Amino acid sequence: MTTVHVVGRGIVGVRLHRLLSGRRPVMVHEGRWHDITGTSPGDVVVLAHGGDVADRVRQLVARGLHVVTVGDSPTDALDLLHDPPEHLGTSLVLGAAMSPGLSGLIARHLANQLATVDEIHVAIHGTAGPACARVHHRSLSGLSPGYRDGDWIDFVGGSGRELCWFPEPIGAKDCYRARISSPYVLQHAFGDVSRISARRSARRRDRFTAWLPMLRAPHPEGGVGGLRVEVRGADERGARQVAIAGIAELVGTAAAATAAAFVTGVLDGLVHEGLVVAGDAELPTVELLSRVEAVGVRLQEFTGIPQP
Amino acid sequence: MKLLRRILGALVIAGTVAGGIRLKGTGGVPPQRGGWRPLELPDER
């Protein structure tokens, strides 16, 4: 029977194990799990630990394993999107967390309601475990990618403040450009879109200390986090339309739910072979979103503010 | 001395204008309707 190997015993790894166990064999591995001789072709490996994973992914895919990544490394995203590994009929899901991951599924769902899509803007609030918090801290000091009219622009991390409204109880948060991989992943899935951006919420202290090492150890888990996906385009008559949806949930829970949806999707044969990113038009987006909702993550849409 | 008087005068005028705006101005009424609702997924599975 196919075994699911979850690598990493952090918040996401433990929660993913809880969601998947009971119906199929699931093994959780500590650290980076270097000895993969116990795997069989067709097994699913979920890389739920921090750090770069591109080389690791190539090694696992070459062994005939399905691979699902949960991390948010722009370096990995660029590497694997530009040079996807040769596969043996298996799937490589790049980015199956809250963002990238759930953000792509929501973007595709919103895009399907419009005739054309020009812009996708993602905002995230909160972190999962300590590894996620460290990525958040570092992301505000690096160059952050933005896509405009066919060109990638490197913005200064921590710039571009925008007040973004998340579902309650989060409400409005100041969000800033950051070094996160979502724009790369979304651009791969939405090749015709002319503008893509991703921002994350931050406090003044986060931005001021971003260039320093973390001054104190991160919390075991962040509080309630949020995701907001805004898709701009036009309807059949050419009228401008904006569709917004998001979630308010613990980031680790949302990430684990998304990873679980992709893992079960792979096992059920719903996910195509080769490189897969959330938001791919080929994916059964509604089915995957339903699986995310089935484990308690509540998807919400912004109804807009009626004009007088 | 003349320069000091001018600076003080400018500060007094600026403070008076700012105070007037602060007292007279209203921030408007925040939106009372709209917001978020559960996203209903189509049953196309």
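Sequence lines set the chain letters: A, B, ... in the order given, protein chains first and strands last, and positions in each chain run from 1. On a predicted model such as this, the values are computed, not experimentally measured, just so you know.
- Sparse packing is recorded around CZ of B:Arg37, with 12 or fewer heavy atoms of other residues, nucleotides or ligands lying under 6.0 Å away.
- More than 12 heavy atoms of other residues, nucleotides or ligands sit less than 6.0 Å from atom CZ of A:Arg240.
- With a 4.5 angstrom heavy-atom cutoff, A:Pro284 does not touch chain B via any of its atoms.
- Distance CG/B:Leu39 to CD/A:Glu293: 6.5 Å, rounded to 0.5 Å.
- In terms of heavy atoms, A:Ser290 sits closest to B:Leu41 at OG-CD1, 3.6 Å.
- Across all their heavy atoms, A:Thr303 and B:Trp36 have their closest contact at OG1-N, 4.4 Å.
- Taking both residues in full, the closest heavy atoms of A:His109 and B:Pro42 are given as CE1-CD, 3.6 Å, listed atom of the first, atom of the second, then distance.
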